Amino acid sequence: MQGQPTVAILGGGQLARMMCAAATRIGVRTRVYQATDTGPCAFCADVVTGAWDDADALRGFLAPADVVTLDYEAVDLTTARAVMPSTATLRPGAQTMAWVSDKIVQRERAAEAGLPVGPTRACSSLESLREAGEALGYPMMLKRPRNSYDGYGNRSVASAGELEDAFAALGGQGVLAEGWVPFERELATMVARRPGGEARAYPVVATYQKDHKCDAVEIPAAVPPEVAQRATALALRAAEVYDCVGVVGVEMFLLADGQVLLNEIAPRPHNTGHYTLDACVTSQFENHLRAVLDMPLGDTSLLGPAAAMVNIIGSRSGPSRNEGLGRALAVDGASVHLYGKYDVRPGRKMGHVTAVGPDVATARARAAKAASEIQP
Ligand code: ATP
Ligand code: MG
């Protein structure tokens, strides 16, 4: 691609924000289309706010695009695909999106390709859910197939008596029932993959979830080299199976016997890869842009021995205030990232802190200290 290519991003959340910032370094133009202005992309020069089915607005927005990419996988692409110029390419592509945007379809694809996954059942009624409970045992994890993220859309059930309420709470349509995976650790790896299949993996990281959502990440994961190799191989294989173009976050479970299972993938920059902004040669956001533009991928290695990331999560409702920011900025070794969301809500991701250090424990303590100073 010559000159200054244009990447049009559908969705205006923090991932789009960080993609736009990364684009400025390598002479890539970005523009953002969002359904509502929640704040993260307010600083971007070229933002359009409109409905996902507004053909005229989307046509005008997409006209200068060389590549169209996504900030989150729940975007309804119907109208955008219909009005996209024929010279633009959607990356990740429509087939990838069809495979991943429904958790049931995503699981079917993994099983078909022989990727190691835990036991699951697709359930369309309370009756079939009861049968799944008998087959998979309790506790069981129920997942709404679409529009689920950060644990919104997941329910764990301890017994058959909880099924009816959980099924209704998840929409009462279909759910993916998963057998409980007694994992020892959760791992994740970002992979950047170009259209021709060339791919590079980032280090394997350990992820820590609170209330079903990512709370902290330690880099690298403290696992034997052989486990890291298998996790990396699984992540690269998953990127290929779903034919991902761009970066893809691959979430995995490590079992006590050393097995590594796939949990799920997200074909975009991912919370567990935010550390790459401060701790790797090339960030996941820059590599996403390079990959969707079919440009050479950047070095994915760590710049130092260890890093850690801690999310800044809301605990009240109202306009965001970022109290304590000065104290957070004063923590050595820590890099503070705020997403510019106008409003805070309990559980909402408002920013993150990455810290580097001589070892993971030091890095984690620095990141946690800075993150705890900020009251978004
Ligand atoms: P996110 O957007 O944060 O990735 P999500 O809403 O897509 O979350 P999952 O990744 O499927 O949801 O699940 C969130 C967390 O719930 C996992 O990281 C893990 O801690 C736990 N979890 C999910 N599935 C299982 C399972 N089958 N057994 C045990 N724990 C599970
Ligand atoms: Mg997940």
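For this chain, numbers begin at 1 and follow the sequence in order. No experiment lies behind these values; they were computed from the predicted model shown. Counting starts at 1 for both ligands and their atoms, following the listed order.
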Q.
Can you see whether His352 engages Tyr275 through a side-chain donor-acceptor pair at a distance of less than 3.5 angstrom?
A. no

Q: Check each atom of ligand 1 against the heavy atoms of Lys143 and keep those under 4.0 Å away; list them by number with element.
A: 9 (P), 11 (O), 23 (C), 24 (N)

(Q) Need the atom name: nearest N/O/S atom of Glu264 to the Mg ion (ligand 2). (A) OE2

Q. Just how far is it from atom NE2 of His274 to atom OG1 of Thr354, taken to the nearest 0.5 Å?
A. 8.5 Å

Q. With respect to atom 9 (P) of ligand 1, which of Asn154, Asn147, Thr272 exhibits the smallest heavy-atom separation?
A. Asn154

Q. Ligand 1 and Trp180, any nitrogen or oxygen pair closer than 3.5 angstrom?
A. no

**Q.** Met140 near ligand 1 by a heavy-atom separation under 4.0 Å
**A.** no

Q: Would you kindly specify which portion of Asn271 sits under 4.0 Å from ligand 1, judged on non-hydrogen atoms: side chain, backbone, both or neither?
A: neither

Q) Are any of the side-chain heavy atoms of Leu302 and Ile219 separated by less than 4.5 Å? A) yes

Q. Would one find an N or O of Cys214, backbone or side chain, under 3.5 Å from an N or O of ligand 1?
A. no

Q) Looking only at side chains, do Gln209 and Glu186 share a donor and an acceptor under 3.5 Å apart? A) yes

(Q) Please say yes or no: joined through hydrophobic side-chain contacts below 4.5 Å, possibly via intermediate residues, are Met84 and Leu70 part of one cluster? (A) yes

Q: Please name the residue in the list Arg193, Arg109, Arg91 that meets the salt bridge (Lys or Arg N to Asp or Glu O under 4.0 Å) test with Asp243.
A: Arg193

Q) Which part of His212 is near ligand 1, with near meaning a heavy atom under 4.0 Å away: side chain, backbone, both or neither? A) both

Q. Is it the case that Tyr242 and Gln95 place a side-chain donor and acceptor less than 3.5 Å from each other?
A. no

Q. So which of the N, O or S atoms of Glu251 lies nearest the Mg ion (ligand 2)?
A. OE1

Q) Is there a heavy atom of Gly179 sitting under 4.0 angstrom from any atom of ligand 1? A) yes

Q.
Between Leu163 and Tyr138, is there a side-chain heavy-atom distance shorter than 4.5 Å?
A. yes

Q: Measure from atom 18 (O) of ligand 1 to every heavy atom in Glu264, Glu186, Glu251 and give the option owning the shortest one.
A: Glu186

Q.
Assess, by modelled atom type and distance only, whether the side chains of Gln34 and Thr49 contain a donor and an acceptor separated by less than 3.5 Å.
A. yes

Q.
Under 4.0 Å, heavy-atom basis, I'd like to know which part of Asn263 is in contact with ligand 1: side chain, backbone, both or neither.
A. side chain

Q. Numbering the atoms of ligand 1 from 1, which are under 4.0 Å from a heavy atom of Gln209?
A. 18 (O), 20 (O)

